[in-house]
Amino acid sequence: MPACLVCHDPLEPFLSFGKMPLADAFLDEPELAHEFFFTLAPGLCAACGMVQLCERVPDARMFHDTYAYYSSTSAGMRRHFAAFADQVRRRALGSADPFVVEIGCNDGILLDGFAAAGVRHLGVDPAGNVLAEAARKGLTVQQGFFTERSAMDIAAAHGRADAIVAANVVCHVADIHSVFAGVRALLKPAGLFIFEDPYVGAILEQNALDQIYDEHVFYFSVTSVNRVAAIHGLEVVDVAPQPVHGGELRYYLGVRGAHAPSRAVDEWIERERASGVVSPAAYRDFAVRTGALRQRLIDTVDRILSKRHRIAGYGATAKSSTIINYCGFGPAEIEYIADVTPGKQGKLTPGAHVPVRAPDFFRAHYPDYALLFAWNHEKEILEKEAGFQAAGGTWITYVPDVKVRSRPPGAAA
Ligand code: DWN
Ligand code: ZN
């Protein structure tokens, strides 16, 4: 039986997707023969409340020099991160020569805001290709994983940090104790560790089963984060919801006793207790609901194909790997997926092997229906691709439920 990565108690899976590929492992034809699969099955630790994957993929298999995801592909996310940097500056960077460290800085989308304000910064990321983009912009970066060891080295070389920040990163690291121990070693006594990740309560509420994939090792709640923090002499001192990636929480952590926790912390923990976010029943229900959702999506696709209509996807997201493979779709159901990322274009999606094409291809080969796999960027994409609906195309979304958007009058259903 697998063990909880936080407290080592036995872990029971509440759902199994079976064998799944790596969600960001886009392939060329010759790579198909040795594609890597693992058992994707999330579980809740009844002892400490942490939701996590029961089988983990080694970090180096997921985060390397050909990492597929560039954070700066969305204009909405660029605005979100500019505001995030502003907030960190206001709350944590009041000293004479502040220093901020970002764990998993990707292409520098968050560090940009510190650099523009002349703040001393360091970004750490294991993925050389995305990090090269950050370096190209003149940001100060270092390649590697953030661990207790590397944090101590950073403290020795640059001094301690006023703020340590991370976005969509902490939930990716199986050795969470090394990350938190590293934060404790690198943070100034009155510093803040501020990070945001998808909120497990939002995943449950929205039936967002496609948030579950190899890179998302943990599915945090305030309750579970506070428990990990306590092990390392840290505590959650504030929490703020963020309307990105389907609903995230931003956690503010300090050294225990250094900051008075806001009322929001207790309120969130109480809400989680009352709503069952840390209880097994909520996850059993989620498994049943999302099983039914999967069937509705399969039926919707079958119905469309039976009328000889064409379906393509939009956004070759990591999330799409879970939903596509869980539904058993392939190129026979989804002709291609449009995506703006040059490194994904021309490749095949993990597991299902659906070809990825540039958005220009989508505009030249509109399908009848487009499955919006980047549902978290819906507003931005539907505005950008207004021509699709104008030409009679129909969007399909599946979070929180399958929704076939109404077609313009006169178009065939
Ligand atoms: O946690 C993670 C999140 C933050 O990013 C990582 N583990 C991996 C990745 O997950 P994802 O791929 O599900 O993230 P997104 O942000 O939903 O991906 C959007 C995809 O859609 C990208 O490949 C870019 C593409 N896109 C596009 O083609 N046109 C996005 C926008 C906004 C567009 O207009
Ligand atoms: Zn546990």
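As the structure lists them, so they are numbered: ligands from 1, and atoms in each ligand from 1. Only a predicted model underlies this, so the values are computations on that prediction, with no experimental measurement involved.
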Do you see a donor-acceptor pair shorter than 3.5 Å between the side chains of [X] and [Y]?
{"X": "Y199", "Y": "E272", "result": "yes"}
{"X": "E385", "Y": "Y314", "result": "yes"}
{"X": "N129", "Y": "E133", "result": "no"}

Ligand 1 to A318 polar contact by distance, N or O atoms, under 3.5 Å:
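Such a contact does occur with ligand 1.
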Judging by distance only, is a nitrogen or oxygen of K319 under 3.5 angstrom from one on ligand 1?
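Between K319 and ligand 1, an N or O pair is found under 3.5 Å apart.
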Look at [atom] and find which of [options] reaches it with the closest heavy atom.
{"atom": "atom 29 (N) of ligand 1", "options": "N106, D197, D339, V340", "result": "V340"}
{"atom": "atom 7 (N) of ligand 1", "options": "Q345, E215, E383", "result": "E215"}
{"atom": "atom 16 (O) of ligand 1", "options": "Y67, F362, Y213, Y69", "result": "Y69"}
{"atom": "atom 15 (P) of ligand 1", "options": "H377, H172, K344", "result": "H377"}
{"atom": "atom 33 (C) of ligand 1", "options": "K384, E380, K379", "result": "K384"}
{"atom": "atom 30 (C) of ligand 1", "options": "I381, T317, T341, V169", "result": "I381"}

Rounded to 10 degrees, the angle SG of C48 makes with SG of C45 at the Zn ion (ligand 2)
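The angle at the Zn ion (ligand 2) comes to 110°, rounded to the nearest 10°.
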What angle sits at the Zn ion (ligand 2) between SG of C4 and SG of C7, to 10°?
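SG of C7 and SG of C4 make an angle of 110° at the Zn ion (ligand 2), to the nearest 10°.
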Please state whether F26 comes within less than 4.0 angstrom of ligand 1, counting heavy atoms only.
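It does not; every heavy atom stays at 4.0 Å or beyond.
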For Y219, all residues meeting ring-ring contact (aromatic ring centres under 6.0 Å, His included), sequence neighbours excluded
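If we apply the ring-ring contact (aromatic ring centres under 6.0 Å, His included) test to Y219, skipping adjacent residues, there are no hits.
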Any side-chain heavy atom of F362 sitting closer than 4.5 Å to one from Y336?
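Yes, at least one pair of side-chain atoms sits under 4.5 Å.
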Side-chain heavy atoms of F373 within contact of I337, under 4.5 Å:
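Side chain of F373 against side chain of I337, heavy atoms only: contact under 4.5 Å found.
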Determine which pairs satisfy side chain to side chain donor-acceptor pair (under 3.5 Å) with at least one residue from residues 144-155, sequence neighbours left out, and list them in order.
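Applying side chain to side chain donor-acceptor pair (under 3.5 Å) to every pair that reaches into residues 144-155, excluding sequence neighbours, yields T147-S150, R149-D153.
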Test applied, side chain to side chain contact (heavy atoms under 4.5 Å, CB included); reference residue, C327; option that passes from L297, T322, I334, V301:
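Testing each of L297, T322, I334, V301 against C327, the sole residue satisfying side chain to side chain contact (heavy atoms under 4.5 Å, CB included) is L297.
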